Protein chains: 2
Amino acid sequence: MNRHIENEAAVPEDDGVSDRRLSTRVRRGELLNENCPSRDFLRHLTSRWGVLVLIALLEKEHRFSELRRKVGGVSEKMLAQTLQTLEADGIVNRVSHPVVPPHVDYSLTPIGRDAALKVRDLADWIELNVDRFVDARNDSHLTA
Amino acid sequence: MNRHIENEAAVPEDDGVSDRRLSTRVRRGELLNENCPSRDFLRHLTSRWGVLVLIALLEKEHRFSELRRKVGGVSEKMLAQTLQTLEADGIVNRVSHPVVPPHVDYSLTPIGRDAALKVRDLADWIELNVDRFVDARNDSHLTA
DNA sequence: TGTGTGTACTAACTAAAGGAAAGTTTGGGA
DNA sequence: TCCCAAACTTTCCTTTAGTTAGTACACACA
């Protein structure tokens, strides 16, 4: 059965498959539409470990185990998975030097750097305002 | 209370439990540290549905089912959970009118609005650059 | 009178994701 | 000889996300 909630407002005649007309289909605010392709990139860029990896890579390129040590709390599995996702998105570069022991360098692509700067802006703002957040959280508990 | 950010690099002796000395423990860039309290807010603000809820609430306050319809793809359970988390963080206000059928309004708190603006900046930038992202993703597949 | 609708949830359950720890491969050092 | 290091992968278990069904109450329609 058709469980999808159709958006009666838009998409007059679209088969939902045409990737070439993205620029005409997707306009600002389209993120709220379930099928918006930006959602994937947003999800990857704002993923739990993705954010932290991007911030680390802004400073300089890193090796895998360097990132592992730098990004506190990340497991090897999740770091590998996060890096693979970001690489597939064209956000990070992976350069493997075929030596023993292995040596792999991760760095940001041009668009990856732009995106990482945006992500870091948000992260920095949160850190600078963390006290306001803590206060707001406490207030909400008192009110509740 | 001195909440200023310390520049000191070390903090050599810390039991990891003292919440009162956060201001001395946490400095800019501390997000990469596993215990940084900003991480929770970052996680909540950048959560899959949190981002979209914040963007929707920037436009105007919404009722629960209004959000449900607006944020495409969200389930009632996840919407409720997301809203509860954001409320507990002091990011959204919940106002329940005791009528039948139920009527509950969700809106942004002051800090929630500030945060939502930052989040929307990032989201807008991604939407505006989605074509670049798609190209970068395709390139990475060709290279790989 | 009965059936159906809308609202804001919660409970129960299943599928998916996350996380801890061990295994893999290859060469070099103690 | 045994162990280690790097960059993963695999296994196993826990946590989270998602789906479905259900609730209370009022109103609309037939």
Side-chain angles (χ1 to χ4, degrees), chain A residues 1-6 8 32 34-35 39-40 42-53 56-57 60-89 92-107 144, chain B residues 32-35 39-40 42-53 56-57 60-89 92-107 144:
Chain A
M1 292 304 161
N2 180 7
R3 292 251 169 70
H4 282 114
I5 298 171
E6 292 295 337
E8 62 274 19
L32 296 176
E34 188 170 2
N35 302 320
R39 276 204 186 178
D40 290 329
L42 179 66
R43 242 196 10 262
H44 299 164
L45 290 171
T46 61
S47 69
R48 175 160 189 195
W49 302 115
V51 171
L52 303 178
V53 165
L57 289 182
K60 65 175 184 67
E61 89 176 13
H62 283 73
R63 299 179 59 169
F64 183 88
S65 53
E66 237 176 337
L67 278 174
R68 168 107 170 79
R69 283 186 293 267
K70 191 154 195 169
V71 178
V74 70
S75 68
E76 297 195 345
K77 177 187 165 187
M78 288 315 296
L79 180 56
Q81 200 173 106
T82 300
L83 287 169
Q84 283 162 9
T85 301
L86 294 177
E87 193 200 353
D89 281 345
V92 308
N93 284 316
R94 176 183 184 277
V95 178
S96 171
H97 306 281
V99 295
V100 169
H103 185 142
V104 181
D105 286 317
Y106 290 96
S107 59
Chain B
L32 295 176
N33 184 313
E34 190 170 0
N35 302 319
R39 275 203 185 179
D40 290 329
L42 179 66
R43 245 198 5 266
H44 299 165
L45 289 172
T46 62
S47 69
R48 177 163 187 193
W49 304 114
V51 171
L52 304 178
V53 165
L57 289 182
K60 65 176 183 66
E61 91 177 10
H62 283 73
R63 298 180 60 169
F64 183 88
S65 52
E66 237 177 338
L67 279 174
R68 169 106 169 80
R69 284 186 292 267
K70 190 154 196 171
V71 178
V74 70
S75 67
E76 298 195 344
K77 178 191 163 186
M78 288 314 296
L79 180 56
Q81 201 174 104
T82 300
L83 287 168
Q84 282 162 11
T85 301
L86 294 176
E87 193 200 352
D89 281 345
V92 308
N93 285 316
R94 177 184 183 277
V95 178
S96 170
H97 306 282
V99 295
V100 169
H103 185 141
V104 180
D105 287 317
Y106 290 95
S107 59

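What's counted below: heavy atoms across the whole structure, side chains too, no hydrogens, waters or symmetry copies. Each chain gets a letter, A, B and so on, in the order the sequences are listed, and its residues count up from 1. Owing to the predicted nature of the structure, the values given are computational and were not obtained by experimental measurement.
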Taking only residues two or more places apart in sequence or in another chain, which ones pass side-chain hydrogen bond (donor to acceptor under 3.5 Å, both in side chains) with [X]?
X	answer
A:Arg94	A:Tyr106
A:Asn93	none
A:Glu66	A:Lys60
B:Asp40	B:Arg43

Is any side-chain nitrogen or oxygen of [X] closer than 4.0 Å to OP1 or OP2 of [N]?
X	N	value
A:Gln81	C:dA17	no
A:Tyr106	D:dC8	yes
B:Ser65	C:dA8	yes
B:Arg63	C:dG6	no
B:Arg94	C:dA8	no
B:Trp49	D:dG18	yes
B:Arg68	C:dG6	no

Interatomic distance, [X] [atom1] vs [N] [atom2] [rounded to whole Å]:
X	N	atom1	atom2	value
A:Arg48	D:dA17	CZ	C1'	15 Å
B:Gln84	C:dA11	CD	P	10 Å
A:His97	D:dC8	NE2	C1'	16 Å
A:Phe64	D:dA5	CZ	C1'	13 Å
A:Glu61	D:dA7	CD	P	12 Å
A:Met78	C:dA17	CE	P	10 Å
A:Leu79	D:dC8	CG	P	9 Å
B:His103	D:dC25	NE2	C1'	16 Å

**Report entry** Partners passing side chain to side chain contact (heavy atoms under 4.5 Å, CB included) against B:Gln84 (at least two apart in sequence or in another chain)
**Finding:** B:Ala80
Report task. Using the test side chain to side chain contact (heavy atoms under 4.5 Å, CB included), find all partners of B:Ser65 that sit at least two apart in sequence or belong to another chain. Result -> B:Arg69
**Report entry** A:Asp105 vs B:Gly73, nearer the 5' end of DNA chain D by closest nucleotide
**Finding:** A:Asp105
Query raised in the report: Between A:Leu67 and A:Leu52, is any pair of side-chain heavy atoms under 4.5 Å apart?
Result: no
Query raised in the report: Reading nucleotides 22-30 of chain C from the 5' end, what letters show protein touch, with B for base, S for backbone sugar-phosphate only, - for no heavy atom under 4.0 Å?
Result: ----BS---
Listed pairs under 3.5 Å, donor-acceptor, residues 70-78 of chain A side chains, sequence neighbours left out:
unit_1, atom_1, unit_2, atom_2, d
A:Lys70, NZ, A:Glu59, OE1, 2.4
A:Lys70, NZ, A:His62, NE2, 3.3
A:Ser75, OG, A:Met78, N, 3.1

**Report entry** Minimal non-hydrogen separation, A:Phe64 against A:Leu83, with atom names
**Finding:** CD1-CD1, 3.9 Å
Report task. Using modelled atom types only, decide if a donor and an acceptor are shared between the side chain of B:Arg48 and the backbone of A:Ser47 within a distance under 3.5 Å. Result -> no
I'd like a list of close polar pairs between nucleotides 13-15 of chain C and the protein, N/O only, cut-off under 3.5 Å.
none

